[in-house]
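Data first, discussion second: the structure below is written as structure tokens.
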Amino acid sequence: MSPADPSTLPSTPPATHSPETPRTLAVIDVGTTSVRMAIGEVDRQGNVRLLENLSQGVSLGKDTFTRGEIARETIEECVQALRAYRRKLEEYGITRPDQVRVVATSAVREASNQLALIDRIYAGTGLTVETLEEAEVHRITYRSIQPLLQQDDHLRNVRLIITEVGGGSTEVLRVDRGAVAYSHSFRLGSLRLRQTFRRLRASTARLRDVMEHEIHRTLEDFAEQVPRDEPLELMGLGGDLRFAVRELVPDWDPRTITSIPVGPLAELTEQILALGEDAVARQYRLPLPEAETLGPALLVYRHLTEMLGLDHLLVCGANLRDGLLREAVDSRIWTKDFREQIIRSAVDLGRKYHFDEAHARHVADLSQQLFHGLQAEHGLDARHELILYVAALLHEIGTFVSTSSLHKHSMYLILHSDLFGLSQSDLQLVALVARYHRRASPKPTHQVFNTLSRDNRVAVSKMAAILRLAKALDATRSQRVRVVVCRRKGRRLVISVPGVDDLSVEQLALNQNRGLFEQIYGLHVTLRPSAA
């Protein structure tokens, strides 16, 4: 087991905790080429001080990307590494499940026997592994660099592309003036590249040409679609790039952001690729799994920099474990800032499909008011509130395809889009709520809906019913209904609208759209004007 970064603090286990003593937390990342652990100390203000950062090479990705499953021997290597980590955690007094979080990324997520690995780890160590979806990786990555962005005036006022080339995939975030505008995971990982093209049995030069072609084929469309109307910066994360910076900028402080010119990065990339894996491991004293990924990863960073027309690359030391520690300290995933980032991403998607933005935003606001007014009736939480809001924003994007069956087209477009911060299961709920904003009510025979759990089926029906009411309240598309007040009177729900005398159009639309609501909530809906 070796330190993952030269800035690692000395491993001095803390003394017995008292109420005034900072609490200690740990996060473990079961990655493509290694299992890494970070241990941090949290003070009363919520600030995290890194105590120790450890890494143990385990080539999970080599198995997954060549044979589709993780070999039994590799699983046992992983268990042994985690057992060693468990002993280290006990030294720090980290013994409760709420003090440690263990996550796995693409190498485990794509393995056909991922459940066998997760169950074996639990049986052998008592640790529960959580497999992260791509959207969760993007969210955590953003949280890891958020403090740096908040402290840097330049980065807050440019279009910033954040990328990390992992062993299995390349994660990309586009942040426009501090707001996440795009996120995507490309199946272009350094180890995936190495393992896929190694089977060609071609010369080193031929393998290099094939890798470069694959990099361009995968990233070309993305690079061409990045708007160039504002200053542009590219920031790279990841251990391979941190190695490159330590070679090119020996006095670099990983807690800061540095810049490296493309020229020196290209020269170092050529040297690494020319040496071969074994020679790289010997010359730079790297574990073989890290030596295998180094050349392909640097090649991706270099080409992406050139494709964006940049002459330099920003690098920071933030990593997935930093974001995990931040989330462990602040368990409120649905924070105001995070919600705003998701909503911005949804608005950008709506603009892509030329939606009626004024109407969509107003229906979303009315949905939110109804959600709050009906809290006692639906019993849903803040996550569902956000899902309803996003579904309301996007419920009509299907008109981009056709006005006929637009609700079904909306569902399809949402399901096949990237929305920052929403997991695949969240995206399914958004798509279904949008799909049921009109026409047929949810049925067990409907695709996607019939795959949900009972709780999620009920939640979709409740949210879709609210969306139908909100849409009816802006039937004129004039946004004249600004405020709604909900009151329950026996078996009736009375929706009062201050400041609008004539609600005949809205009442007609409500009569046509209240069926699902009355079916799900068991309340008859009445609309009436009221004094301002």
Side-chain angles (χ1 to χ4, degrees), residues 1-5 8-17 23-42 48 50-64 67 69-132 140 166-168 191 239 281 286-293 319-325 327-328:
M1 194 181 305
S2 60
D5 194 294
T8 300
L9 300 177
S11 57
T12 305
T16 304
H17 294 306
R23 59 192 177 112
T24 310
L25 302 171
V27 293
I28 300 174
D29 171 19
V30 181
T32 301
T33 59
S34 60
V35 180
R36 300 180 176 92
M37 178 170 72
I39 300 174
E41 187 178 72
V42 187
V48 181
L50 184 65
L51 298 177
E52 191 153 6
N53 206 350
L54 301 173
S55 178
Q56 177 67 48
V58 181
S59 297
L60 296 167
K62 185 178 290 187
D63 289 350
T64 299
R67 49 193 287 184
E69 66 177 20
I70 301 170
R72 183 179 301 175
E73 297 79 8
T74 310
I75 291 177
E76 290 308 311
E77 286 181 39
C78 187
V79 170
Q80 293 305 314
L82 290 170
R83 279 178 176 164
Y85 286 168
R86 192 65 192 255
R87 291 191 291 271
K88 177 65 70 174
L89 293 174
E90 290 171 357
E91 292 178 17
Y92 279 90
I94 299 176
T95 56
R96 302 193 314 272
D98 64 334
Q99 291 178 287
V100 59
R101 184 180 182 189
V102 187
V103 304
T105 50
S106 60
V108 175
R109 185 173 62 236
E110 296 180 27
S112 61
N113 62 337
Q114 64 164 291
L115 291 180
L117 169 69
I118 291 171
D119 291 347
R120 176 67 187 104
I121 289 173
Y122 181 75
T125 68
L127 296 170
T128 300
V129 178
E130 170 191 354
T131 304
L132 295 181
I140 296 167
L191 188 61
L286 293 174
L288 186 58
E290 293 182 23
E292 288 179 321
T293 64
N319 55 55
L320 186 70
R321 294 173 301 288
D322 294 331
L324 289 168
L325 281 173
E327 287 204 343

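Heads up: numbering here begins at 1 and tracks the sequence.
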Between Ser55 and Arg36, the two heavy atoms sitting closest are OG-CG, 3.7 Å
With Thr64 via side-chain hydrogen bond (donor to acceptor under 3.5 Å, both in side chains) - residues at least two apart = none
Starting at CD1 of Ile39, measure out to OH of Tyr92 and round the result to the nearest 0.5 Å.
-> 5.0 Å
From CD (Glu130) to CG (Leu324), nearest 0.5 Å | 8.5 Å
Take Val103 and Val27 through the test side-chain contact (heavy atoms from CB on, under 4.5 Å) and record every step on the way to the result.
-> CA-CA 8 Å; Val103 304; Val27 293; over 6 Å; no
Under 3.5 Å: donor-acceptor pair, side chain of Thr293, backbone of Glu290 | yes
To the nearest 0.5 Å, tell me how far Ile121 CD1 sits from Ile28 CD1.
-> 9.5 Å
Spacing of CG belonging to Asp63 relative to OG1 belonging to Thr74, to within rounding of 0.5 Å = 3.5 Å
If only atom types and distance count, is the side chain of Gln114 paired as donor or acceptor with the main-chain N or O of Arg109 below 3.5 Å?
-> yes
Considering all heavy atoms of both residues, which atom of Leu25 and which atom of Asp98 are nearest to each other, and what is their separation?
-> CD2-O, 4.2 Å
Interatomic distance, CE@Met37 vs CG@Asn53, rounded to 0.5 Å, equals 9.0 Å
Do Glu292 and Thr33 pass the side-chain contact (heavy atoms from CB on, under 4.5 Å) test, and can you show the C-alpha distance, the side-chain angles, and the key distance before you say yes or no?
-> CA-CA 9 Å; Glu292 288 179 321; Thr33 59; over 6 Å; no
Taking atom CG of Asn113 and atom CZ of Arg72, what is their separation to the nearest 0.5 Å?
-> 10.5 Å
Residue set satisfying salt bridge (charged side-chain N to carboxylate O under 4.0 Å, His left out) with Arg87, at least two apart, ordered chain then number -> none
Asp322 (side chain) donor-acceptor with Asn319 (main chain) under 3.5 angstrom = yes
Quick check: does any side chain N or O of Arg321 sit under 3.5 Å from a backbone N or O of Ala38, one acting as donor and the other as acceptor?
-> no
What pairs of donor and acceptor atoms, side-chain ones from residues 75-84 against any protein atom, are under 3.5 angstrom apart with sequence neighbours left out?
from  : atom 1 : to     : atom 2 : distance (Å)
Glu76 : OE1    : Arg120 : NH2    : 3.2
Glu76 : OE2    : Arg120 : NE     : 2.8
Arg83 : NE     : Gly124 : O      : 3.1

Decide whether Gln56 and Tyr85 meet the rule of one side-chain donor and one side-chain acceptor closer than 3.5 Å.
-> no
Would you name the heavy atoms of Arg86 and Thr95 that are closest together and state the gap between them?
-> NH2-O, 4.2 Å
